[in-house]
> 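I am attaching a structure below and will ask some questions about it afterwards.
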Amino acid sequence: MLDKTYRPAEIEAKHYELWERAGAFRARPESGRPPYTIMMPPPNVTGSLHMGHALTFTLQDVLIRYWRMRGRDALWQPGTDHAGIATQMVVERQLEAQGVTRHQLGRAAFVDKIWEWKHQSGGTIQNQLRRLGASPDWARERFTMDDGLSRAVRKIFVELYKQGLIYRDKRLVNWDPKLHTAISDLEVEQREVKGHMWHFTYPVEGGAGAVITVATTRPETMLGDTCVAVHPDDDRYRHLIGKHVVLPIVGRRIPIVADEYSDPEKGTGAVKITPAHDFNDFEVGKRHGVEAINVLDANACLNDSVPEAFRGLDRYEGRKAVVAEMERLGHLAKVEDHVHMVPYGDRSGVVIEPWLTDQWFVDAKTLAKPAIEAVESGRTRFVPKHWENTYFEWMRNIQPWCISRQIWWGHQVPAWYGPDGTVFVEETEEEAQKAAHDHYGVNVRLERDSDVLDTWFSSGLWPFSTLGWPDETPELQRYYPTDVLVTGFDIIFFWVARMMMMGLHFMGEVPFRDIYIHALVRDEKGQKMSKSKGNIIDPLDTIGKYGCDALRFTLAALAAQGRDIKLAESRVEGYRNFATKLWNAARFCQINDCRPVPGFDPEGVSEKVNRWIVGKVAETAEKVDVALESYRFNEAAQAVYQFTWGTFCDWYLEFGKPILQGGDDTARAETRAAAAWTLDQILHLLHPFMPFITEELWEAMAPERADRLINAEWPAHGALVDPEANDEMDWVVRVITTIRAVRAEMNVPPAAKLTALLRGANEITRARLYTHRDLIMTLARLDNLEISEVEAPRGAVQMVVDEATVVLPLAEHIDIAQERARLRKELAKVEGEIARLDKKLSNEGFLAKAPPEVVEDQREKREEWVLARAKVAEALERLQAA
RNA sequence: GGGCGGUUAGCUCAGACUGGUAGAGCAUCUCGUUUACACCGAGAGGGCCGGCGGUUCGAAUCCGUCACCGCCCACCA
């Protein structure tokens, strides 16, 4: 017998282990079933489960479990990402705690340390995923740096290089002076900072004291200025174009050039140009053929290209020193407060420097073309669709992608340099040696490029590298392209775009048919969850408190499209209650000996309530199907919730009580079987959302059953709705509800009467609903109501009860003045409605143009209001008399 | 500067694509535990659906516009 209360913790671990041991999550290529594939976005190996993970993995698991039950060969490909910088930082911090730096250790030993760390601590998030009930094919788990994936990375790099789509170039990149590596544009975060704007005067050569004033937020960079730009049409400066200024402090003679980049409206209209330390200046410098002088080193300290007094100063000390010196020399014209955006590294949190270095780049523009076309033509669809705009916007303006990183943890660039600097890009050192031999004619000593690749380079290959590429594996053949990618919008650029480019280029086909973009999880107040704000809701805590199923159901129920999810704990609590409700419904079935009957035919039932509930199951299953096929998780969750609680528990089981406890053996047997069957169907429909409790109840209801719910077949019953039973039961429900409402409205207190009403409904059910009239009369008799008239057309309930018996207690219990005011207000409202409908029904345009059924509907509604008016008016009159 | 999203009950959100008297959960209030469940049951109150225009017989819903909130991208000498 089931316990009175559902205790999630006890069953979650049990079932997960049973599933895993039974291989229930395995893809079954041998099954011959059509595949359904989701590539799990690999979480960082350093990661631990946060609410965002909980959301994305719950939604993926709902889809996977659903389609698995729908008879597909479901593959949910799991794995983790080596997360270059993040992981290196974690291990580096650990070492530093022991007083060791990675440089002391050396590269090889440090990388070994990271592997060691990975083997020990890298499995955290997978175990947390298990607690979430996720059902990926763990046997196929991959890591972005395992042998197979690393081979794919090397091959891709070499091929792209040989196709001219990867190249080495000296360009300005975003340099992180703390981590000592280049990072991509996407890893740079712009923050608003209060700073200053300094105005400097540069003396014009041979100008007899004439100066040109420039403004800057970064005075220290002036040491690297190589020209001053003014707008060609700016009359203030036109006469100076072609002349030179002498750069103060440095003494360098630099030209004044005309360039449209200079905006006469901004600053002084004259711009100092530092090509080596500003992306725009770099372009200007290139146009005018001036030198790019790098004045900073890797730590963002002033280097040997600056006057001796400034060498070695860090950029902020350098700034102060330059300003002081300029002031001393009389070149500081003005200082203003200024708010501007400053680039910060999203990992290191320090200010990023545009810095001139040699890096590897991917020609993203070329690769983006087919990726744009694939979405334009609908071969890949975004859901919700508006994310396509974001995708297009970025892809159409895509910049070269800097893929090299000056860190140690990652895929080392497969490039070797000969003694004269010639580069040989090959998959292995042997091949590089061979290429070098061909080139030089002799064997030479090669040195491997020390850079590693951006983490996103390898994750961009995920949809096919995990399936065995470059080998032509059966898996690759079978599961690519995948069905859907489920992810948050924050990595559309980082990851989605790169997978599209790589997939199309190397597989010739899109990596996924659909891209479902879900919202971000925020806290109750709409704030981003963060450690510093202390507003994190930890999914594991929540699971501990309310159970995994409650959390999963909450996340699915909140996953509506197009809005961030504000997670309120009260929602989770509510769905925990739902789980308990289901548990108790099952307990009721058990108590009443409602056991699943093998071979039960839902179409063969004859009791009206049973024909009714069977039809309701079919309707619900249909709703769930439609919703899940279009990624409307909230609608699917709501449909099952409503059916389970609002129909099955609230009505069907209540109607069933008199039958289950009555004397008609045939009816009882059928109702037992039907109740058990209906519960079974609920368990199916709910399983993708609440896998644990459903599996437990599936087992508890029929312990002899050998199969597991996770592998059970999804309910498919389109033709089970019996319109007659449906209408009639809906009608009964409405009658009872109406009577309850009428009673409440009349303010009749005794709850005993309501109980009697419900019992009355049960009586009628047992009597198999011979006529509507019988129902009303029975209910009225049980509730001591005198019925003067009963009229019950389909679709409406109209009854006039003898007010005398009802109104009498009313006067005793309520404030007459207050009630009178309420009724007047009510009357006014009703009259307003009637007037509105009268006007409408006399509107020729409406009568002529609106569809006839709408007109009819409005007429009926008017009649209802008229009846309501009579009721209210009568009550008011009686109140006056009292 | 460009783009996207949001604005509906006290709170958190559905509904909008496909126009026809506004929905859920939580919270509040009233009543109710002899018989699955108080993590329960029966009810109630609470909304000019952000403002203004337009289309339409009819707009929370479609179109335009404004306001406020949030996010993304770009730029800021």
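Excluded from the calculations below are hydrogen atoms, water molecules and symmetry mates; all remaining heavy atoms, backbone and side chain alike, are included. Residue numbers start from 1 in every chain, and the chains themselves are labelled A, B, ... in the order their sequence lines are given, proteins ahead of strands.
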> NA contact type, Cys589(A), heavy-atom cut-off 4.0 Å: base, sugar-phosphate, or nothing?
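No contact.
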> Would you sketch RNA chain B in dot-bracket for me? Only Watson-Crick or G-U wobble pairs with both distances under 3.5 Å count, crossing pairs as [ ], other-strand pairs as |, the rest as dots.
((((((((.[[[[.)....(..]]]].(((((.......))))).....[[[[[..)....]]]]])))))))....
> If you only use heavy atoms from C-beta on, which nucleotide in rG5(B), rA24(B), rA36(B) is closest to the side chain of His386(A)?
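The nucleotide sitting nearest to the side chain is rG5(B).
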> Report the nucleotide, chosen from rA36(B), rG41(B), rC73(B), that has the shortest atom-to-atom distance to any side-chain atom of Trp645(A).
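My answer, after comparing the listed nucleotides, is rG41(B).
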> Is the base of rC37(B) touched by the side chain of Arg587(A) through a donor-acceptor pair closer than 3.5 angstrom?
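By the distance-only test, no, there is no pair.
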> Verify salt bridge (Lys or Arg N to Asp or Glu O under 4.0 Å) between Arg7(A) and Glu696(A), making sure each step is shown before the conclusion.
CA-CA 11 Å; Arg7(A) 289 192 194 80; Glu696(A) 173 69 14; over 6 Å; no
> For the pair made of CD in Gln399(A) and C1' in rC75(B), what is the distance, rounded to whole Å?
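Nearest whole value for this atom pair: 14 Å.
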> With a non-hydrogen cut-off below 4.0 angstrom, is Thr217(A) in contact with a base, only sugar-phosphate, or nothing?
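Sugar-phosphate: the residue Thr217(A), judged by heavy atoms under 4.0 Å, touches backbone atoms but no base.
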> When the P atoms of rG2(B) and rC66(B) are compared, how many Å lie between them, rounded to an integer?
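To the nearest whole Å, 12 Å.
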> Please check if the distance between the ring centroids of Trp387(A) and Phe382(A) is under 6.0 Å.
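No, ring centres 6.0 Å or more apart.
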> Evaluate the criterion salt bridge (Lys or Arg N to Asp or Glu O under 4.0 Å) for residue pair Asp337(A) and Lys194(A); output intermediate values, then yes/no.
CA-CA 7 Å; Asp337(A) 286 338; Lys194(A) 281 181 195 155; over 6 Å; no
> Output the single nucleotide from rC76(B), rA36(B), rC39(B) whose closest atom is nearest the side chain of Asn577(A).
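Nearest nucleotide to the side chain: rC39(B).
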> Determine the interatomic distance between P on rC26(B) and the same-named atom on rU65(B); round to the nearest Å.
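Roughly 41 Å separates the two P atoms.
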> Between atom CZ in Phe578(A) and atom P in rC37(B), what is the gap in whole Å?
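Distance, rounded to whole Å: 18 Å.
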> What is the distance, rounded to the nearest whole Å, between atom CZ of Phe392(A) and atom P of rC4(B)?
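In whole Å, rC4(B) P lies 14 Å from Phe392(A) CZ.
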> Let me spell it out: for each of Asn389(A) and Trp394(A), pick the nucleotide of RNA chain B with the closest heavy atom. Which residue's pick is nearer the 5' end?
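Looking at RNA chain B, the more 5' nearest nucleotide goes with Asn389(A).
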> Would you mind classifying the nucleic acid contact of Lys581(A) as base, sugar-phosphate or nothing, using non-hydrogen atoms under 4.0 angstrom?
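Result for Lys581(A) = base.
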> Asn634(A) CG to rA24(B) P: how many Å, rounded?
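Those two atoms, CG and P, are 16 Å apart.
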> With a cut-off of 6.0 Å (strictly less than), are more than 12 heavy atoms of other residues, nucleotides or ligands near CD of Glu260(A)?
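No - once you tally the heavy atoms of other residues, nucleotides and ligands closer than 6.0 Å, there are 12 at most.
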> When the C1' atoms of rG50(B) and rA67(B) are compared, how many Å lie between them, rounded to an integer?
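Those two atoms are separated by 8 Å.
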> Going by the angle between their ring planes, with limits at 30° and 60°, are Phe578(A) and Trp645(A) parallel, tilted or perpendicular?
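Parallel, since the angle between the ring planes stays under 30°.
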> Ignoring backbone atoms, establish whether Tyr261(A) has a side-chain N or O less than 4.0 Å from OP1 or OP2 of rC76(B).
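For rC76(B), OP1/OP2 do have a side-chain N/O of Tyr261(A) under 4.0 Å.
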> Once you round to the nearest 0.5 Å, how far does SG of Cys589(A) lie from CE of Met701(A)?
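If we round to the nearest 0.5 Å, Cys589(A):SG and Met701(A):CE are 5.0 Å apart.
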> A cation-pi test, strictly: NZ or CZ of Arg576(A) under 6.0 Å from the centre of the six-membered ring of Tyr546(A) and no more than 45 degrees from its axis. Yes or no?
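No, Arg576(A) does not lie over the aromatic ring of Tyr546(A).
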> Using the P atom in both, what is the distance from rC57(B) to rC73(B), to the nearest Å?
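Result for the P pair: 46 Å, nearest Å.
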> Counting C-beta onward and ignoring hydrogens, is there a side-chain heavy-atom pair between Tyr575(A) and Arg552(A) closer than 4.5 Å?
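No, too far: nothing below the 4.5 Å cut-off.
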> Identify the two heavy atoms, one from Cys594(A) and one from Ala676(A), that lie closest to each other, and give their separation to 0.1 Å.
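Reported closest heavy-atom pair: O-CB, 3.5 Å.
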> For Glu635(A) and Cys649(A), take the nucleotide of RNA chain B holding the closest heavy atom to each; which residue's nucleotide lies nearer the 5' end?
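It is Glu635(A), whose closest nucleotide lies nearer the 5' terminus.
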> With rounding to whole Å, what would you report as the distance between rG41(B) and rG5(B) at their C1' atoms?
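Looking at atom C1' only, rG41(B) and rG5(B) are 41 Å apart.
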> Expressed as a whole number of Å, how far does the P atom of rG6(B) sit from that of rA42(B)?
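My reading of the P atoms in rG6(B) and rA42(B) gives 35 Å.
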> If you check every side-chain atom of Arg571(A), which of rG25(B), rA36(B), rA42(B) has the closest atom?
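So the nucleotide nearest the side chain must be rG25(B).
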> From CG of Asn397(A) over to P of rC75(B), roughly how many Å is that when rounded to an integer?
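Taking CG of Asn397(A) and P of rC75(B), I get 11 Å after rounding.
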> What's the closest nucleotide to the side chain of Asn584(A) if the choices are rC76(B), rA36(B), rC73(B)?
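That would be rA36(B).
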> Find the distance Tyr575(A):OH to rA24(B):C1' and express it as a whole number of Å.
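Value for this atom pair: 8 Å.
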> To the nearest Å, give me how far apart NZ (Lys545(A)) and P (rC39(B)) are.
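Value for this atom pair: 14 Å.
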> Among rA14(B), rA24(B), rA36(B), which nucleotide has an atom closest to any side-chain atom of Phe588(A)?
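Nucleotide nearest to Phe588(A)'s side chain: rA36(B).
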> Of the listed nucleotides (rC4(B), rC75(B), rG15(B)), which one gets closest to any side-chain atom of Asn280(A)?
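Closest of the options to the side chain of Asn280(A): rC75(B).
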> Mind checking the C1' distance from rU7(B) to rC48(B)? Whole angstroms is fine.
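Rounded to whole Å, the distance is 16 Å.
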> Just how far, in rounded Å, is P of rC39(B) from CD1 of Ile693(A)?
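Distance check: Ile693(A) CD1 to rC39(B) P gives 16 Å.
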> Of the listed nucleotides (rA24(B), rC39(B), rC76(B)), which one gets closest to any side-chain atom of His338(A)?
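Of the options given, the side chain of His338(A) lies nearest rC76(B).
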> With heavy atoms under 4.0 Å as the rule, sort Thr390(A) into base, sugar-phosphate or nothing.
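The residue Thr390(A) makes no contact with any strand.
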> Distance between the C1' atoms of rA9(B) and rA14(B), in whole angstroms?
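Roughly 13 Å separates the two C1' atoms.
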> Under 6.0 Å between the ring centres of Phe633(A) and Tyr516(A)?
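When the ring centroids of Phe633(A) and Tyr516(A) are compared, they turn out to be within the sub-6.0 Å range.
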